[in-house]
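Keep in mind that this is a model prediction, so the values were computed, not measured. By convention in this document, chain letters (A, B, ...) are assigned in the order of the sequence lines, proteins followed by strands, and residues within each chain are numbered from 1. Keep in mind that the numbers below use all heavy atoms, side chains included, and drop hydrogens, waters and symmetry copies.
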Amino acid sequence: MIAKVIVDVPANQTDRLFDYAIPKEWEEMIEPGMRVVVPFGPRKIQGFVISVAEESEHAKLKEVSEVKDVTPILTKELLDLGFWLTEKTLCYAVSALQAMLPAAMKANVTKTIVLGNRVNDEAIWHRMVSSGGVKWDDFLSHFSHKELNRAIKNDELEVRYDVKEKTAPKTILSVSPALSKDELQVVRDKMGNRALKQQEIITHFIEQEGAVSYKELMDMLDTTRSTIKSLVSKEILREEEIELYRDPYKGREFMPSTALELTDLQEQAIRPILKSINEHHHETFLIHGVTGSGKTEIYLQSIHRVLEQGKEAIVLVPEISLTPQMVTRFKSRFGSEVAVLHSGLSRGEKYDEWRKIHRKEVKVVVGARSAVFAPFTNLGIIIIDEEHESSYKQEENPRYHARDVAIKRGEHYKCPVVLGSATPSLESYARATKGVYTLLELLDRVNKQAMPAVAIVDMREELRAGNRSMFSNDLYDKLKDRLEKKEQTVLFLNRRGYSTFVMCRDCGYVAECPHCDISLTYHKINGTMRCHYCGHEERFPSQCPECESEHIRFFGTGTQRVEEELTKILPEARVVRMDVDTTRRKGSHEKLLNQFGEGKADILLGTQMIAKGLDFPNVTLVGVLAGDAMLHIPDFRASEKTFQLLTQVSGRAGRHLLPGEVIVQSYTPEHYSIEMAADHDYQSFYHREMVTRKQFGYPPFYFLAMVNVSHEELTKTVDVTEKIAGYLKDQLSKQSVVLGPVASPIPRIKDRYRYQCMIKYKTEPNLTHYLKEIQKHFSKEISRGGLQISIDTQPYMMM
DNA sequence: AGCACGCCGACT
DNA sequence: GTCGGCGTGCTC
């Protein structure tokens with residue numbers, strides 16, 4: 001029998017099936033979707049079995065050397081999904097398969113030098129290697145490549161390839177009785193008055209079933225390791241390794257919750273979803289529900305119905321809002337049926353959560369983007385909350401959008417896919433309007449609470465009036481007011497660090513990263529300037545490197561700076577700052593939020609990450625310091641992003657009894673995305689923005705594809721991009737537009753020049769083929785490492 | 001991606 | 001004549 005294998009080598013030339021003979025003893029065992037270790041050239045690597053066949057076109061086949069799984073880790077459905085992804089996103093098949101598994105399962109190949117068949121105990125390395133082998137790197141730090149190669153040729157040394165998993169299941173050493181209960185009784189009675197502690201332990205095992213870990217037993221019976229050990233050596237107890245799940249939510253109690261009574265509106269919205277579940281057919285729904293309209297309850301009750309049918313559910317949540325609050329809601333409703341997958345977990349924890357899904361120990365998974373690949377086999381619903389979020393698009397290979405994958409899986413399982421948002425993406429809303437998706441609207445808040453009043457402050461006027469601080473007078477007054485009333489405020493700024501750039505007031509010099517074409521950001525904590533793209537760091541200069549003036553200052557505002565300013569103007573305010581810098585440590589995210597939730601702070605100041613999902617009853621004021629910060633990014637979605645962000649942030653205020661108020665500061669207050677967000681008017685925004693999209697030929701009117709080229713040399717970069725653009729212009733129809741070559745908005749990162757070419761099209765059935773041709777044509781230059789070409793068939797990042 | 005093989009210039 | 005540099009091509 002032959003195994004057709006995709007090997008774990010992400011390269012153009014190896015992106016195909018390789019045939020291996022299956023040794024007799026494994027013939028019955030090997031199935032598609034299992035991982036195997038195979039010899040590949042002189043080394044050993046991991047691979048995925050795609051299919052099993054009777055024969056091969058190849059005369060001489062090597063044998064599969066190891067089988068890594070007892071049951072397939074990828075089902076037929078997921079294998080097919082992988083190849084669909086490969087085709088759609090133009091990535092290597094391994095990359096697609098790998099993306100569906102937790103990182104811990106990725107193979108880790110280690111090389112060890114061991115003694116060969118011919119004995120040479122004279123050799124200088126003999127003592128080092130003879131004791132069971134030496135790591136490849138360790139050997140080479142003592143001896144040269146030349147010596148190694150010669151010894152290998154002489155059969156005196158050998159290289160052993162070990163293909164291991166990155167993370168193993170966690171185990172704990174436990175003991176269980178080696179004898180029956182009656183026998184234990186007999187043994188205990190024989191002990192008489194001696195070894196009382198040992199008798200206690202035996203008593204425990206007579207009274208209770210099952211294995212217990214050393215630690216538990218020691219705590220429970222107040223005994224010591226050696227007491228247990230002696231029972232083990234007498235063969236009364238037996239040691240065993242028990243597999244353990246790393247439980248990220250260990251020790252936390254989730255108060256069970258039951259279904260809430262739905263409002264009439266919610267009732268209307270959930271009905272078509274339940275119908276789709278009951279009737280077993282695929283349909284994509286878009287719930288357009290304002291913040292606080294009770295979308296989550298609809299999700300929960302839909303899932304409930306799915307579970308009643310014995311099926312499974314996937315809930316996708318943007319990484320950033322996978323807050324403990326969200327997790328709590330699902331855990332309290334569905335208890336231990338829930339697995340959680342997000343980037344805050346350690347690699348091992350993710351692995352364990354994944355195994356719970358794979359072993360069917362859970363029925364619901366709540367997770368970020370990659371949870372869309374959860375290995376369920378009887379899916380009943382897929383929910384994507386905050387559907388418009390750009391984090392559902394993966395910005396590395398495979399460059400997929402979770403929404404597309406969800407719909408693909410929904411079609412396969414004939415189950416509904418529910419997209420939910422207060423500010424749907426234009427793409428989705430347009431599809432809903434056209435009837436491709438079913439639109440469900442929830443335009444009132446559950447508690448009939450009015451939407452918060454939003455005031456826009458023109459910061460140009462503030463300047464004219466002589467206010468040069470980052471807080472408008474209005475915002476300052478309101479902040480003070482809330483402090484007095486002991487109510488809380490959320491302050492939002494889309495920028496971390498201390499300032500945006502460093503400039504000399506005399507000559508206008510701006511500090512830039514020497515490796516990237518981007519200005520450096522000042523970080524006060526250690527007095528350095530940092531590049532957010534390559535991590536380059538340098539000291540803040542005491543004088544201008546150009547004109548030696550001492551008037552070199554930082555401009556713009558970051559969260560650190562705002563925090564400092566706040567303590568100056570409102571010294572009595574207690575501020576919690578949340579950004580990547582303060583939440584880097586595990587669990588700090590949750591800690592800061594709890595602190596604020598328990599009323600230990602008056603102001604929560606933060607970036608993106610506080611924009612969604614937070615629900616604190618005592619928050620009555622939301623301040624957006626730079627409402628237009630996003631408007632000026634070079635991206636056709638800039639207005640959309642601004643509208644979404646402002647709407648999301650405003651939704652944080654007045655969610656309960658106290659009415660909320662929002663202040664948006666802006667230098668361009670008249671922009672429609674800001675005005676319409678202030679009016680909570682999604683409809684008008686949608687229509688207004690669609691006009692622009694149509695006019696400039698962007699989605700949802702046109703499809704996009706983006707080719708990004710980068711190389712160390714500028715001329716080479718331009719040259720290649722020109723060739724690509726020329727080729728595409730020749731091949732594509734006249735209705736399609738090929739833009740470029742143009743320099744990327746950030747023309748250089750990490751000493752590499754970056755150019756791009758964008759394609760706008762309506763129908764282009766062979767586009768994938770042409771793009772593949774481009775990849776093939778430059779594959780040699782790419783594999784040599786000099787040239788990089790990345791192709792995105794659904795770009796979300798224009799930078 | 002690795003890794004071997006082969007060809008070429010620079011050295012013992 | 002030998003070593004090691006890198007360009008080329010293969011991996012079932």
Problem - side-chain contact (heavy atoms from CB on, under 4.5 Å) against Val134(A), all qualifying residues, sequence neighbours excluded - result: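 Partners of Val134(A) under the side-chain contact (heavy atoms from CB on, under 4.5 Å) test: Met128(A), Val129(A), Asp138(A), Phe139(A).
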How would you list, by chain and number, every residue that makes a side chain to side chain donor-acceptor pair (under 3.5 Å) with [X], sequence neighbours excluded?
X         : result
Asn708(A) : Gln756(A)
Tyr351(A) : Glu165(A)
Gln731(A) : none
Glu147(A) : Ser144(A)

Exercise for the section: Would you jot down, in residue-number order, the residues of residues 9-18 of chain A having a non-hydrogen atom under 4.0 Å from DNA chain C? Expected result: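 Residues of residues 9-18 of chain A that come under 4.0 Å of DNA chain C are, in numerical order, Gln13(A), Thr14(A), Arg16(A), Phe18(A).
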Exercise for the section: Could you list by number each residue of residues 97-113 of chain A showing a heavy-atom separation from DNA chain C of less than 4.0 Å, or answer none if no residue does? Expected result: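 Those residues: none at all.
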Check nucleotides 2-8 of chain C against the protein and report each pair of N or O atoms closer than 3.5 Å, with its distance, or say if there are none.
none

Exercise for the section: Give me the first and last nucleotide of DNA chain B, going 5' to 3', that has any atom under 4.0 Å from a heavy atom of chain A. Expected result: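 Footprint of chain A along DNA chain B, 5' to 3': dA1(B) to dC3(B).
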Distance, rounded to the nearest Å, where [X] contributes [atom1] and [N] contributes [atom2]:
X        : N       : atom1 : atom2 : value
His58(A) : dC10(C) : NE2   : P     : 13 Å
Lys60(A) : dT11(C) : NZ    : C1'   : 14 Å
Leu61(A) : dC12(C) : CG    : P     : 10 Å

Exercise for the section: Give one of base, sugar-phosphate or nothing for Tyr161(A), where a contact means two heavy atoms less than 4.0 Å apart. Expected result: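 Since only primed, P, OP1 and OP2 atoms lie under 4.0 Å of Tyr161(A), the category is sugar-phosphate.
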Exercise for the section: With heavy atoms under 4.0 Å as the rule, sort Tyr20(A) into base, sugar-phosphate or nothing. Expected result: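 Since only primed, P, OP1 and OP2 atoms lie under 4.0 Å of Tyr20(A), the category is sugar-phosphate.
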Exercise for the section: Report the residues that fulfil salt bridge (Lys or Arg N to Asp or Glu O under 4.0 Å) with Lys772(A), sequence neighbours left out, ordered by chain and then residue number. Expected result: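 Applying salt bridge (Lys or Arg N to Asp or Glu O under 4.0 Å) to Lys772(A) gives Glu87(A).
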Problem - From Arg403(A) atom CZ to His388(A) atom NE2, the distance as rounded to the nearest 0.5 Å - result: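 Reported value, rounded in 0.5 Å steps: 10.5 Å.
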Whether [Y] and [X] form a salt bridge (side-chain N of Lys/Arg under 4.0 Å from carboxylate O of Asp/Glu) is what I want to check.
X         : Y         : answer
Glu427(A) : Arg637(A) : yes
Glu312(A) : Lys360(A) : no
Arg118(A) : Glu156(A) : no

Output side-chain donor-acceptor pairs under 3.5 Å for residues 47-62 of chain A, partner residues at least two apart or in another chain, one line each.
residue, atom, partner, partner atom, Å
Ser56(A), OG, Asp19(A), OD2, 2.6
Ser56(A), OG, His58(A), N, 3.0
Lys62(A), NZ, Gly41(A), O, 3.2

Practice task
Would you check if the distance from the ring center of Phe40(A) to the ring center of Phe18(A) is below 6.0 Å?
Solution key: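 Phe40(A) vs Phe18(A): aromatic centres under 6.0 Å.
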Exercise for the section: Can you tell me which residue pairs pass the side chain to side chain donor-acceptor pair (under 3.5 Å) test with a partner in residues 101-112 of chain A, sequence neighbours excluded? Expected result: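 Found none.
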